[in-house]
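All values reported here derive from a predicted model rather than from experimental measurement. When a ligand or atom number is given, it counts from 1 through the structure's own listing order.
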Amino acid sequence: MIILGLNAFHGDSSACLIRDGQLVAAAEEERFRRIKHWAGFPSQSIAYCLREAGIGLKDVDHLALNQDNRANLWRKIAYLARRRPDPALILQRLRNRRKRQGVRELLETAFPQDSFRGAVHNIEHHLSHLFSAYYVSPFSEAAVVSIDGFGDFSSAAWGVGRDGIIAVEGRVHFPHSLGVFYQALTQYLGFPYYGDEYKVMGLAPYGKPVYLDHMRRIVKLLPGGSFELDLRYFRHHQEEIPYQWQNGSPEIGDLFSPELETLLGPSRRSDAALEDKHRDIARSVQAIYEEAFFHLLEPLQNRAGLSDIALAGGCAANSVANGKIRRKTKFSRVYVQSAAGDAGGAIGAGYAAWQKFGGKRSFLMDHAYWGPQFSQSEIARLIDARRTEIVESECTIEDIADEGELCRRTAASVTEGKVVGWFQGRMEWGPRALGNRSIVCDPRRADMKAILNAKIKRRESFRPFAPSVLDSAVADWFEEDDAVPFMMQVFQIREAKRAQIPAVTHVDGSGRLQTVYRNTNPRYYRLIESFRDMTGVPMVLNTSFNENEPVVCEPQQALECFLRTKMDVIVLGDTLITRRNDVS
Ligand SMILES: [Fe+2]
């Protein structure tokens, strides 16, 4: 049985292909379209998944979408009847609904030479999130939680997964939403773009939670683990929030109301300086998010008595809160797959359909390498075509077929403070580069963050960089020890170790680690081993291979990024290109 799973018409559009219960391919549309968070119909991701599986659309039995307009329909009708919102809001929703109904037509347009004869299934948004977390996790029994902005009129859902079956125990419905709260306050703090919430999370440790009481007025915790918003501070429930949500990157108007500025003072313009007040608000936002998060998790753990938890939804990207689960609750293992947000809903919808047709749960997602890969001969052709340009850029080109030697040479460059592009194997699924489309640097250098920002990244100075750590070394370097293959938990670095790795130690002593395993990424593991052998430090700084664009997908994009920036070294498969006369 072949199932195509889609997240379409949402930010982070994506596709995945499941063959007889095993994931074959998964990718986000932004990587092909080269527009961050691309929202629309993911035709290029679909084309890639079919290519990877060596099949055509005609061979697909089922197509599963992570949305179901009929879900919570009575609730929607009751809400509309009660609240009488702006007719423009209703019209906008109807327009979106119409767009979503034409999947077969969109497939016909995108694939005129092929034909889809299978069935289309609409899987409710949060059920898709829950499946995307639990169904591919290593747990036979686990609590499972989904928290996001909104999808199909809900903003959170939770329950228990047992032997492949998910029993939903509770939900939070529109207009109450932790995701909208976090997004609204992110906008208030002057970070206007879709997906900017992680900047607030990064800023939070620089402030004090002095606005926590204000936040408690905005987010109210309810008995039993649920929560609600004081809607006076928001606009989304009664006005049309302007957004561009089709064939481009998502842009969203302000979600907060003037009442919020009465409570907290004027919002920050995106070009205004960051002041202590903004840092304090960021800290308070993160603090109330964690209060609500643990308010939800604790009773769930008590009721179910389980030791494992799987998380999904946009808020599952809050790696700081995730990293505190083991300390603050009785849960001892946490699983958050690499595409925890809406992109991952493609996988959840796909597996919900698989189960619906009697499929057994037999797939574990223990790595993120489900995207396109390129052979050494394709890389060689690219280098040949661009050889003159590369050489004229003062670079030397070497092919090093011996993997040990390639890793040693690369690790040596890292120890010299060089910024190294590392392009290998299949592209990662989800927003993080996890050792195949990565830039790696020396975590021991206090100036590495400044060097990286000057040469390529140009990030806000408060944002941290993250370490990729050999799995066996986590307990020695961090206060927690769990599998974190997708960089979805932040742990405290042991105090005695922090001074050794300043480039990946955040201001509060934390680090957003990736645990690296020999069996799922042997080459990346070997690179870090080589670095450890030279330095005694079993980790490298890892950031995504890109420059203000989606993470690179093809070798050509990686090479172009290398040539237009001041990156010192690039490793494309077995090819090592080094810029001469570089200044570190
Ligand atoms: Fe979602």
Side-chain angles (χ1 to χ4, degrees), residues 5-16 26 28-30 36-40 42 45 64-69 71-72 75-76 93 96-97 100 122-136 144-159 166 168 170-184 186 194-198 227 229 236 241 243 245-246 249-250 252 255 289 292-293 296 310-319 321-322 336-352 429-431 486 488:
L6 301 187
N7 171 48
F9 320 115
H10 273 288
D12 300 325
S13 288
S14 66
C16 77
E28 288 146 295
E29 191 75 0
E30 65 156 37
K36 270 190 182 179
H37 303 298
W38 195 88
S45 312
L65 272 167
N66 67 333
Q67 58 200 13
D68 181 3
N69 294 322
N72 303 311
R75 246 173 215 285
K76 283 182 207 169
R93 295 242 163 97
N96 287 344
R97 188 174 166 167
R100 291 168 189 183
N122 291 91
I123 311 292
E124 192 265 329
H125 187 85
H126 280 272
L127 192 62
S128 301
H129 274 319
L130 296 176
F131 263 89
S132 81
Y134 164 69
Y135 207 79
V136 300
V144 53
V145 175
S146 160
I147 308 174
D148 68 4
F150 283 113
D152 287 334
F153 216 64
S154 295
S155 72
W158 57 89
I166 296 172
V168 179
R171 282 177 180 278
V172 173
H173 294 286
F174 185 93
H176 302 290
S177 164
L178 274 181
V180 163
F181 160 75
Y182 213 111
Q183 191 179 5
T186 299
Y194 182 85
D196 270 354
E197 288 87 340
Y198 66 102
F227 55 84
L229 301 179
H236 64 284
I241 307 295
Y243 60 73
W245 199 242
Q246 177 74 16
S249 75
I252 300 177
L255 290 158
Y289 174 79
F293 184 62
L296 201 163
L311 299 167
C315 295
N318 197 310
S319 48
N322 298 347
V336 192
Q337 64 114 332
S338 54
D342 284 339
I347 282 188
Y351 276 110
W429 162 240
F486 307 120
M488 287 295 192

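- Every salt bridge (Lys or Arg N to Asp or Glu O under 4.0 Å) that Glu124 has, sequence neighbours left out, goes to Arg171.
- The number of protein N, O or S atoms lying under 2.8 Å from the Fe ion (ligand 1) is 4.
- Nearest heavy-atom pair across Ala26 and Cys16 is CB-CB, 3.8 Å.
- The nearest pair of heavy atoms linking Gln337 to Trp429 is OE1-NE1, 3.3 Å.
- Centroid-to-centroid, the aromatic rings of Phe174 and Phe150 come within less than 6.0 Å.
- Neither side chain, His10 nor Asn66, offers a donor N or O lying under 3.5 Å from an acceptor on the other.
- Taking the side chain as every heavy atom from C-beta outward, Ser154 and His125 never approach each other to under 4.5 Å.
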